[in-house]
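One structure is given here, and the rest of the page talks about it.
Indexing begins at 1, ligand by ligand and atom by atom, following the structure's order. In this chain, numbering begins with 1 at the start of the sequence shown.
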Amino acid sequence: VGNLRIEEATILTQAGAQLIEKGTLVARDGLITYVGPAATAPAGTEGEQLINAAGRLLMPGLVNAHTHLAMTVFRGYADDMPLKPWLEDKIWPVERQLKHDDVYWGALLGVVEMLRGGVTCFADMYHFTEAVVEAAWEGGIRAAPSGVLLGFWDDAAERLQQLVEYCLQLRAEKSRRIHPMLGPHAPYTCNDQLLGEVAAAAREHDLGLHIHLAETAGEVTESLQLRRVTPVRHLLELGLLAGQITAAHCVHLTDEDIALLAEHQVGVAHCPGSNMKLGSGFAPTAELLAAGAVVGLGTDGAASNNNLDLMEEMRLAALFPKGISSDPTVVPATAALRMATLGGAQALGLGQLIGSLEPGKRADCIIVDLSGAHNQPLFDVESQLVYAARSSDVDSVIVEGEVLLHDGKFTQLDEAEIIHQAAAVAHALADQ
Ligand SMILES: [Zn+2]
């Protein structure tokens, strides 16, 4: 299990600038033990799975640093609305009806969609975390689930305690692929007391945090009116920036906010598709990168995107800053590709485990077929991946050395059944 050899591949390791031509990758028990030329590869062993990737590209799996996976069941349910009424009038009322099985099938649908698009790890913030974890565990994908905490719940403190206990249980039982975090929803939906308690729990148990931050101009205005500080500075003052934290969006930032995010190595989960769709604005990614911030990419939920296609986010992340600044040199393809791989891994505090293909890291990788008409001719692999390739070019997906998608076919998941079940729960929810 997890013993694999991939041969004859063009390898983009994201650990150095050079491509390895006709290279070999070897994984033992889910860990990469060798990446390099075939000539110096260790000898094959009995029972290892062999994949010939001739003519194709082998690269690190993509990391979706911010999503609400089960929201696939609300894909297309309410579109073309501003964030506040979209949440309050449309999404939150149907979310109140959700049950464990709805989240399970919605999450599995998301797992299928993401694996097909080359995503091997995702950070999730949602209700019924156990159902998301169940779907991720069965689906073979890597996950960083955070649950979700809202300050207006009467029993928020109790739920925080339960979430902490669940995180510790996951760490004991499923640490191979599940990396739990705590998910206070946002500074504007969590009161100071809850945020302080979350920060204390994170410190005590060495857990990362996952939060929405500075998503809309309205959130910043409200924060300035209430407390005279920006949402970023507010989190700093409450102690949330001290440890590992992933902050989704970070659209409306002052120069001081940018400096603080960089200084505290906050993992920014940039979600260009969702920000554009909800008219939230566009994150100053060129400035964040220039300041040395850690930036990954997220799709956000499928209700505000409306897909979980990280290749598309990568392209948006590279294109939009150019359009806004009238400068075609900002956020080049290499930077966008890094956000989708190593940047995302680092943004989740998983940079030591995944994000690049190096001995000692987990064998999470994808094989991409760049032979199609839309990818020819091929002068520069990184540029092609960002500006021309499609998520449907991904033909094989490996997590922990396990081949989950092989030549476009799932090896373990029943894709048709998952699509059928997820559609059934989605329609039942919408009809309530
Ligand atoms: Zn979100």
Side-chain angles (χ1 to χ4, degrees), residues 63-79 81-88 90-92 94-95 98 103 106-107 110 113-114 119 121-129 132 136 143-151 181-190 195 198 208-220 231-232 235 240 245-253 261 266-283 285 295-310 312-313 316-317 339 344 347-348:
V63 178
N64 186 350
H66 177 71
T67 189
H68 313 281
L69 196 56
M71 289 185 87
T72 50
V73 297
F74 304 130
R75 192 194 323 259
Y77 173 68
D79 290 329
M81 293 177 71
L83 178 64
K84 211 166 187 279
W86 178 76
L87 275 178
E88 290 174 359
K90 289 291 185 177
I91 297 300
W92 285 347
V94 282
E95 280 189 339
L98 280 174
V103 173
E113 181 183 356
M114 289 196 300
V119 174
C121 176
F122 70 103
D124 191 72
M125 181 195 286
Y126 213 54
H127 313 280
F128 294 98
T129 328
V132 178
S146 72
V148 60
L149 296 162
L150 290 157
M181 304 168 88
L182 299 176
H185 177 265
Y188 66 94
T189 49
C190 295
L195 289 173
V198 170
L209 300 177
H210 186 177
I211 195 167
H212 293 97
L213 184 62
E215 181 173 1
T216 64
E219 176 189 340
V220 178
V232 173
L235 291 192
L240 275 82
I245 179 166
T246 306
H249 304 302
C250 299
V251 172
H252 297 275
L253 303 174
L261 293 172
V266 171
V268 174
H270 173 44
C271 305
S274 170
N275 294 155
M276 277 193 272
K277 181 152 187 283
L278 293 170
S280 304
F282 198 83
T285 45
V295 185
L297 282 181
T299 57
D300 211 350
S304 65
N305 188 303
N306 287 359
N307 59 43
L308 305 173
D309 185 339
L310 215 72
E312 184 176 288
E313 297 305 314
L316 293 174
M339 283 186 215
L348 302 180

Between Phe74 and Tyr77, how do the two ring planes meet: parallel, tilted or perpendicular, split at 30° and 60°?
tilted
Is there a side-chain contact between Glu215 and Leu278 in this structure, where contact means two heavy atoms from C-beta onward sitting under 4.5 Å apart?
yes
Presence of N, O or S from Asp300 under 2.8 Å of the Zn ion (ligand 1):
yes
Does the shortest distance from the Zn ion (ligand 1) to an N/O/S atom of His68 fall below 2.8 Å?
yes
Kindly give the atom name of the N, O or S atom of His212 closest to the Zn ion (ligand 1).
NE2
Ring centres under 6.0 angstrom apart (His66, His68)
yes
Apply the side-chain contact (heavy atoms from CB on, under 4.5 Å) test between Thr67 and each candidate in Leu308, Asp300, Leu310, Thr72; give the one that qualifies.
Leu308
